[in-house]
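Everything quoted here is computed from the prediction, not taken from an experiment. The residues of the chain are indexed from 1 along the displayed sequence.
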Amino acid sequence: MMRALSTNPEDGEHPHALSRLQSSIAPDLRSYDYILIALSGGKDSVAALLHLLDQGADPARIELHHHDVDGRGPPTFDWPITAGYCRAISAAFGVPLYFSWRDGGLRREMLRDNEPTASVTFETTEGSLATFGGRGGPGTRLRFPQVTADLRLRWCSSVAKIDVMRSVICNSPRFLGKCALVVTGERAEESPARARYLTFEPHRTDTRGGTRRPRHVDHWRPIHGLEERQVWDLLRRHGVVPHVAYQLGFGRVSCMLCIFASPDQLATVRWMAPERFETIAVYERRFGCTVKRDAPIHAVADRGRPYPAALARPDLVQLAMSELWSPAIRTSPERWRLPAGAFGDAAGPG
Ligand code: SF4
């Protein structure tokens, strides 16, 4: 059984016909017991939350889920401030935030040597931690995720995010016999691969109609048809201050050391966080294999230049490298400013 569909007025003139058709429908938000929003801290995941609130979603049914890509292990890939930014968003909108992670994060998976993939741990609604998995067959990676749209080779997204959300849902009895909606912020404009994503479909954890452990779980990508200017406009209308990385000049925010990072992004990270950058360079030498196919990470960074916005704002660099979001997270639409990274270099997963 699919949830009832209703017309979504926010969709406009998108170049992809399939996306336009898909984006013209939206689930009936009142029909879900739980609405789980995957909040990376990037503008699109924040926009997905704002879009749902605009659509009248009941905040009491909304919960934010942030997947910590470093998995509480040594800081390696992620922005130090991202968890703090997500906490600030949660507090500003009065919706709960739950953290979940692959134990040891991407670094542990990358260093897997004749071992199983690690377990997943997540915060429960009762305030405890639950851990599942980690008992699979042994395997070896000792290499970086591949820079490709193929999620089997670009394993970071599935190991640190997609499969973590799956584990949260499959191992939480509260979803049994209930209807849940998983909301993610992919947009068609980002890449041809993302343009092919469906806007609305059964989620991978859906077991509706089953006799054992049935649960109804849909997956909605509510801003799939939005253009970047519409995303920024959502943040402006709600007066939400974007993640500090955008203010430093980054056009896209997810992992600080994303495998898709452009030369300018890498040059900026090397300038801001040289030890972090060097961690990746050391692994390149150890694996005998570079992150980018054509050159070592230092050579790629040499091709770029640190963003002027970062060079000019040591206070923002300090915020990005801290764990507590101390500035205001909301302002008035009149005082809101488009960040330096808007409409810029948005290198990211295809
Ligand atoms: S942001 Fe980049 S490195 Fe991080 S999980 Fe996504 S594709 Fe992988």
Give the cluster check for Ile169 versus Ile62: same hydrophobic cluster or not, with ILVMFWY residues linked at side-chain heavy-atom distances below 4.5 Å.
no
Contacts of Asp44 meeting salt bridge (Lys or Arg N to Asp or Glu O under 4.0 Å) (sequence neighbours excluded), chain-then-number -> Arg187
Under 3.5 Å donor-acceptor, Thr268 side chain and Asp264 backbone:
yes
I'd like to know if the side chain of Arg276 reaches the main chain of Asp78, judged simply by a donor and an acceptor atom lying under 3.5 Å from each other, with no hydrogens or angles considered.
yes
State yes or no: are the ring centers of Trp79 and Phe250 separated by less than 6.0 Å?
yes
Would you please indicate if the ring centroids of His298 and Phe277 are separated by under 6.0 Å?
yes
With distance as the sole test, does Lys292 use its side chain to make a donor-acceptor pair with the main-chain N or O of Ile259 at under 3.5 Å?
yes
Atom CZ of residue position Arg330 - does it have more than 12 heavy atoms of other residues, nucleotides or ligands inside 6.0 Å?
yes
Under 3.5 Å: donor-acceptor pair, side chain of His243, backbone of Ala245
yes
Could you check whether any side-chain N or O of Asp33 sits under 3.5 Å from a backbone N or O of Ala180, counting only pairs where one atom can act as donor and the other as acceptor?
no
Suppose we call two aromatic rings close when their centres sit under 6.0 Å apart. Are Phe287 and Phe144 close by that rule?
yes
Main chain of Phe175, side chain of Ser172: is a donor-acceptor contact present, judged purely on distance under 3.5 Å?
no
Please check if Val241 and Phe343 belong to a single hydrophobic cluster, counting links between Ile, Leu, Val, Met, Phe, Trp and Tyr side chain heavy atoms closer than 4.5 Å.
yes
Compute whether any side-chain donor of one residue and acceptor of the other, for Asp218 and His216, lie under 3.5 angstrom apart.
yes
If two hydrophobic side chains count as joined below 4.5 Å and joins carry through other members, does Leu50 share a cluster with Leu36?
no
Closer than 3.5 angstrom, by distance alone: can the side chain of Thr124 be matched with the main-chain N or O of Glu126 as a donor-acceptor pair?
yes
